[in-house]
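Notes to accompany the following structure.
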Amino acid sequence: MKTVNSIVFALIMAFVLSSCATKMPFTTSTIAPAATGAVKVKKDKNENFSISVDVFNLAAAKDLTPSRNAYVVWMEAGREPTKNLGQISPSTGLFSKTLKASLNTTSITKPDRVFITAEDRVDIRYPNGEVVLTTR
């Protein structure tokens, strides 16, 4: 009986904790078809939104056609202008076979859409390159 109660409690806690976060999967890309991933958005104790972007099998931007210098993560939220969240770089090393890339940031607004573009520069204010991955 004690084991059943523990399992029920664990399931309820998992449900409660997972319901606090929103998960938005990236759609399949024609530019990087092997790339997969998702964005997790969670409200923190300061009423800000913690945004966690995780991507797998993302080829280096220099390997795209045409070649680019970097990937930039963007968010759209309501009527606000598109916001540059930062650069995301896939791991490239001897032991990193999954080409994993991640970015963690915060925002005062909840994103409706998050997308990644291939750009020549990372310090741009508006997306200029091709959209590689998008949540919708």
**Message:** Between Asn48 (side chain only) and Ile108 (backbone N and O only), is there a donor and an acceptor less than 3.5 Å apart?
**Reply:** no
**Request:** Check whether Phe56 and Val132 end up in the same hydrophobic cluster, where Ile, Leu, Val, Met, Phe, Trp and Tyr are linked by side-chain heavy atoms less than 4.5 Å apart.
**Result:** no
**Request:** Indicate whether any N or O donor in one side chain lies under 3.5 Å from an N or O acceptor in the other, for Asn104 and Ser52.
**Result:** yes
**Message:** So Tyr71 and Leu64, do their side chains get closer than 4.5 Å, heavy atoms only?
**Reply:** yes
**Asked** Taking all atoms of both residues into account, what is the closest heavy-atom pair of Pro33 and Thr28, and its distance?
**Response** O-CG2, 4.2 Å
**Item:** Inter-residue atom distance Lys83.NZ - Glu76.CD, 0.5 Å rounding
**Value:** 13.5 Å
**Request:** Check whether any side-chain heavy atom of Lys100 sits under 4.5 Å from a side-chain heavy atom of Asp54, and report yes or no.
**Result:** yes
**Message:** On a heavy-atom basis, which atom in Asn57 and which in Ala34 lie closest, and how many Å separate them?
**Reply:** CB-O, 3.2 Å
**Request:** Return yes if some donor-acceptor pair links the side-chain N/O of Glu119 with the main-chain N/O of Ala70 below 3.5 Å, else return no.
**Result:** no
**Message:** Assess the residue pair Ser102 and Val53 against the criterion (side-chain contact (heavy atoms from CB on, under 4.5 Å)); give the C-alpha distance rounded to whole Å, side-chain angles, the decisive distance to 0.1 Å, and a yes or no.
**Reply:** CA-CA 5 Å; Ser102 60; Val53 180; over 6 Å; no
**Asked** Could you state the interatomic distance from CG (Leu133) to CD1 (Ile88), rounded to the nearest 0.5 Å?
**Response** 9.0 Å
**Asked** What distance do Thr82 atom OG1 and Met75 atom CE have between them, rounded to the nearest 0.5 Å?
**Response** 9.5 Å
**Complete:** Heavy atoms of Val41 and Phe49 approach each other most closely as CG1-CD2, 3.9 Å
**Prompt:** Side chain of Ser50, backbone of Asp44: donor and acceptor closer than 3.5 Å?
**Reply:** no
**Asked** If you group Ile, Leu, Val, Met, Phe, Trp and Tyr whenever their side-chain heavy atoms sit less than 4.5 Å apart, what else falls in with Val131?
**Response** Val72, Trp74, Phe115, Val122, Ile124
**Complete:** Here the pair of heavy atoms bringing Ala77 nearest to Lys110 is CB-O, 3.4 Å
**Message:** Please report the interatomic distance NZ(Lys40) to OG1(Thr22), rounded to the nearest 0.5 Å.
**Reply:** 12.0 Å
**Message:** If you compare all heavy atoms of Pro127 against all heavy atoms of Thr117, which two are closest, and at what distance to 0.1 Å?
**Reply:** CB-CG2, 4.1 Å
**Request:** Could you walk me through whether Ile116 and Val55 pass the side-chain contact (heavy atoms from CB on, under 4.5 Å) test, one step at a time?
**Result:** CA-CA 10 Å; Ile116 300 172; Val55 181; 3.8 Å; yes
**Message:** Please determine whether side-chain contact (heavy atoms from CB on, under 4.5 Å) holds for the pair Asn84 and Arg125, giving the CA-CA distance in whole Å, both sets of side-chain angles, and the decisive distance to 0.1 Å.
**Reply:** CA-CA 7 Å; Asn84 181 333; Arg125 297 182 64 145; over 6 Å; no
**Message:** Once rounded to the nearest 0.5 Å, what's the spacing between atom CZ of Arg121 and atom CD of Gln87?
**Reply:** 13.0 Å
**Fill in**
Heavy-atom nearest pair, Ser89 first then Ala101, reads O-CB, 3.5 Å
**Request:** Check whether any side-chain heavy atom of Ile51 sits under 4.5 Å from a side-chain heavy atom of Ser107, and report yes or no.
**Result:** yes
**Item:** Distance-only side-chain donor-acceptor flag, Arg113 / Thr134, under 3.5 Å
**Value:** yes
**Asked** In Å and rounded to the nearest 0.5 Å, what is the CG to CG distance from Asp120 to Asn128?
**Response** 8.0 Å
**Prompt:** Looking at side-chain heavy atoms only, is the closest gap between Val114 and Met24 below 4.5 Å?
**Reply:** yes
